[in-house]
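In what follows, a single structure is set out as structure tokens and then discussed.
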Amino acid sequence: MKYYIDFIQTKDIKRTAIYAYLKCDILEAQILRYMAEALLGGNDEFVVLGLLEGVFKKKDTALLAYLPAIKNLLDLGWVVQSGFIATRTNEMAILELLNTNIALSPSFLKLLEDGSLNLELPEIIPYEDHLEYLKDQFLRIDLLQKLGYSFQKMPPTSLSRTKYRLKLLEERIISRLQITKTPMQVQTLIKENGLNAKEEIIFFALLKEEYAGSDDNLRDMNSLIDLVSEDEYDRIKNRSLLDEKSTLVEKNLVDYDEMLNPFGGISRTFFIPEDILQVIIHPNRKKKRTKITLESLVKEQEIFEILEPKIGLEEVVLYPKTRETLDGLLRQVDTQVIARLKKWGIKERGKGIDARIIFYGPAGTGKTLSALGIAKSLKKPVISFDCSKILSMYVGESEKNVRKIFDGYKEIAKKLKNNPILLLDEADQFLSTRVSSGSGVEKMHNQMQNIFLEQIEKFEGILIATTNLLETIDSAFSRRFNYKIEFKKPSLEQRILLWQKYLPKNAQYQAHDIVSLAQELAVYSLSGGQISLVVKNTAYKVAARNNAVFSKEDFVEEIKKEQNGNFDGEKNMGFQS
């Protein structure tokens with residue numbers, strides 16, 4: 001027991017054998033000495049208020065200045081809360097400590113007994129290569145991972161020892177880096193991209209998984225966030241470290257795959273891109289890194305248009321039956337369903353979400369908008385092709401163009417982690433019943449349809465085709481689509497919602513407010529796209545007046561023009577709530 005005797009009897013506490021291990025100041029060491037001396041008197045538990053009075057011989061408010069010392073000793077793990085219920089110190093108000101019962105921790109008693117916790121790390125020497133450095137960083141991740149689950153799974157003793165060892169390791173990494181002369185590419189990457197301490201931890205955690213060739217739970221967002229978070233509020237705040245606009249993702253240091261989870265949400269699995277790994281593993285190999293984007297790939301193809309999903313499916317005004325079908329569709333492309341299909345041998349392993357869908361109904365009823373809503377719910381981009389452009393005056397070109405659509409999509413999907421949805425707008429001519437009169441034009445049309453049928457059969461991904469009439473669709477095509485979903489013109493109730501949505505909010509109205517005007521205008525049977533167009537046309541007309549006030553008659557006049565002309569002016573507009 002020489003270390004115990006040395007600690008309680010040596011006059012200068014700094015000269016005691018264990019002081020260097022404590023990593024605390026003189027006042028805190030004095031508190032520990034007082035508690036250690038009391039063991040000989042049979043006292044191993046203290047109320048903080050009485051303890052501070054005994055150590056510092058002061059009363060009342062003068063004792064408040066010493067409360068931070070108690071909190072630090074708890075954080076260091078040299079003392080622990082006693083009793084049945086212990087509160088996490090980072091969640092405690094410091095005044096709560098006054099009447100808290102504490103005792104010396106088993107870690108401190110072990111230190112008094114042995115003079116060491118056997119946590120010392122090897123001698124500090126320069127890193128010889130990046131593998132030595134990564135070994136220390138991966139050990140650091142292991143310790144952080146233990147601390148992330150400590151309050152549920154680890155006793156206070158293990159927690160304090162883990163925190164102490166982590167502190168020693170981090171100090172050792174810094175010291176070894178300071179004396180290392182050989183530059184390491186991984187450190188250069190961190191500095192060049194300006195990663196902060198939390199981003200650095202996440203990067204090393206994923207790098208550890210890559211070196212281990214593991215698909216462990218450290219690739220999951222929640223597990224990564226736990227490594228750098230102290231509490232629930234911290235976890236919420238730190239999720240921004242891995243969103244689309246984060247430094248790690250924007251600078252392509254980290255990428256992710258997405259899948260629907262059984263609860264209808266999106267699960268992300270994070271990884272370090274291959275080109276970044278090659279830079280770290282082969283630091284002397286020079287390679288220019290360029291991030292492949294959907295925009296650049298679409299520009300190369302020159303046949304697609306990128307549509308940006310701005311609203312979710314829940315914001316689109318739909319008939320209840322249509323909404324029910326679409327919600328069911330989303331549930332059937334989640335990870336659980338895909339896993340079952342793979343298990344049953346229906347779906348090949350390694351493939352993502354597959355679905356071939358037809359949206360049919362009058363123009364302006366929300367087909368395109370619903371396709372975009374599905375894309376937003378699935379967090380996928382959309383590339384669109386206008387099928388009315390497929391016909392060519394040159395015999396044989398149309399067939400080539402059909403193949404070009406699907407070959408182009410495959411090329412894009414192969415180069416992107418998050419495969420886009422392919423939207424075929426106005427696909428009527430592809431899907432219509434084939435004819436057999438024998439003319440050259442009709443033979444070409446049938447050949448084009450046969451190629452389309454073949455490509456649909458082999459398609460991998462999500463394809464949505466829109467058409468006005470389902471009745472004209474050839475049965476051979478109909479069988480190839482998993483879902484056929486009808487879009488009807490909006491009901492009176494839905495038209496009221498649409499008028500309320502599109503009527504200008506900051507305008508003046510004659511003898512009406514928006515609610516009453518919407519109810520009166522909704523009696524006219526218009527689609528969502530037509531309502532949007534009428535509002536725009538009326539707004540341009542009224543804005544040109546000196547007295548820019550809307551009247552019901554202004555809208556009725558444009559409604560009649562739309563009904564009489566009905567050129568389906570914004571047929572892709574759709575409608576939203």
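What you see is a predicted model, and the numbers here were worked out from it, not measured in a lab.
Residues passing the ring pair (Phe, Tyr, Trp, His ring centres under 6.0 Å) test with Y409, sequence neighbours excluded: F459. E411 pairs by the side chain to side chain contact (heavy atoms under 4.5 Å, CB included) definition with Q301, K414, K415, not counting sequence neighbours. For Y66, the ring pair (Phe, Tyr, Trp, His ring centres under 6.0 Å) partners are F56, not counting sequence neighbours. Under the side chain to side chain contact (heavy atoms under 4.5 Å, CB included) criterion, K191 pairs with Q187, not counting sequence neighbours. In terms of the side-chain hydrogen bond (donor to acceptor under 3.5 Å, both in side chains) criterion, residue partners of N222 (sequence neighbours excluded) are, by chain and number, R239. Remark: T10 pairs with D6 by the side-chain hydrogen bond (donor to acceptor under 3.5 Å, both in side chains) rule, at least two apart or across chains. A search for side-chain hydrogen bond (donor to acceptor under 3.5 Å, both in side chains) contacts involving K299 returns nothing, not counting sequence neighbours. The side chain to side chain contact (heavy atoms under 4.5 Å, CB included) test applied to F138 returns L134, L207, K208, Y211, not counting sequence neighbours. Residues passing the ring pair (Phe, Tyr, Trp, His ring centres under 6.0 Å) test with Y127 are Y133, sequence neighbours excluded. With sequence neighbours left out, F7 forms a ring pair (Phe, Tyr, Trp, His ring centres under 6.0 Å) with F108.
A donor-acceptor pair under 3.5 Å is absent between the side-chain atoms of K380 and the main chain of P420, judged by distance alone. In this structure, the side chain of W78 does not engage the main chain of L32 through any donor-acceptor pair within 3.5 Å. For S105 (side chain) and G77 (main-chain N/O), a donor-acceptor pair under 3.5 Å exists by modelled atom type.
A side-chain donor from one of N238 and K198 sits under 3.5 Å from a side-chain acceptor of the other.
The pair D231-R235 does not count as a salt bridge, with every side-chain nitrogen at least 4.0 angstrom from each carboxylate oxygen. Taking the charged nitrogens against the carboxylate oxygens, E200 and R140 do have a contact shorter than 4.0 Å, which makes a salt bridge. Salt bridge R176/E132: present, at least one basic N to carboxylate O contact under 4.0 Å. In summary, E210 and R219 engage in a salt bridge, as defined by a charged side-chain N under 4.0 Å from a carboxylate O. A salt bridge is absent between K58 and E53: the closest approach of a Lys/Arg side-chain nitrogen to an acidic carboxylate oxygen does not fall below 4.0 angstrom.
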Run the side-chain contact (heavy atoms from CB on, under 4.5 Å) check on I70 and L52 step by step: do they pass? CA-CA 9 Å; I70 298 294; L52 295 178; 4.0 Å; yes
Determine, stepwise, if the pair D44 / L104 fulfils side-chain contact (heavy atoms from CB on, under 4.5 Å). CA-CA 7 Å; D44 62 354; L104 292 172; over 6 Å; no
Can you list the steps and then say if L422 with F304 is a side-chain contact (heavy atoms from CB on, under 4.5 Å)? CA-CA 9 Å; L422 176 59; F304 297 113; 3.7 Å; yes
Is there a side-chain contact (heavy atoms from CB on, under 4.5 Å) between L241 and E199? Walk through the geometry before answering. CA-CA 7 Å; L241 295 171; E199 291 165 340; 3.9 Å; yes
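Atom CD of E232 sits about 5.5 Å away from atom CD1 of I236, to the nearest 0.5 Å. Rounded to the nearest 0.5 angstrom, I357 CD1 and L329 CG are separated by 4.5 Å. With values rounded to the nearest 0.5 angstrom, M35 atom CE is found 14.0 Å from I8 atom CD1. L131 CG to I280 CD1: the interatomic distance, rounded to the nearest 0.5 Å, is 11.0 Å. Here the straight-line distance linking atom CG of L369 with atom CD1 of I374 works out to 11.0 Å at 0.5 Å rounding. Interatomic distance, CG of L64 versus CD1 of I94, reported as 9.0 Å (0.5 Å rounding).
For the residue pair D234 and S229, the shortest heavy atom distance occurs at OD2-CA, 3.4 Å. Here the closest heavy-atom approach between residue D136 and residue L169 is recorded as O-CD2, 3.7 Å. The shortest heavy-atom contact between L112 and Y3 is O-CB, 3.1 Å. In plain terms, the two heavy atoms of S246 and S240 that are nearest each other are CB-O, 3.3 Å. Nearest heavy-atom pair, V382 versus P309, reported as atom, atom and distance to 0.1 Å: CG2-CG, 4.3 Å. Across all their heavy atoms, A38 and F46 have their closest contact at CB-CZ, 3.4 Å.
No side-chain heavy atom of K376 sits under 4.5 Å from any side-chain heavy atom of L372. For the pair L463/L423, no side-chain contact is recorded, criterion being any heavy-atom separation below 4.5 Å from C-beta on. Contact check for I306 versus P381: no side-chain heavy atoms found under the 4.5 Å cut-off. Put simply, the side chain of I31 reaches to within 4.5 Å of the side chain of L51, judged on heavy atoms. Under the 4.5 Å side-chain criterion, counting only non-hydrogen atoms from C-beta, M184 is not in contact with T188. With a 4.5 Å cut-off on side-chain heavy atoms, K23 and L168 count as touching. Residues L242 and L224 form a side-chain contact, since some pair of their non-hydrogen atoms from C-beta on lies under 4.5 Å apart.
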Under 3.5 Å, which donor-acceptor pairs do the side chains of residues 12-19 form with other protein atoms, sequence neighbours left out?
from, atom 1, to, atom 2, distance (Å)
D12, OD1, K14, N, 3.1
T16, OG1, I13, O, 2.7
Y19, OH, C24, O, 3.2

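Within the structure, no pair that satisfies the salt bridge (Lys or Arg N to Asp or Glu O under 4.0 Å) test touches residues 26-38, not counting sequence neighbours.
Enclosure of atom NZ in K245 is not indicated, since only 12 or fewer non-hydrogen atoms of other residues, nucleotides or ligands lie within 6.0 angstrom. With a 6.0 Å radius and a threshold of 12 heavy atoms from other residues, nucleotides or ligands, E295 has its CD atom above the threshold.
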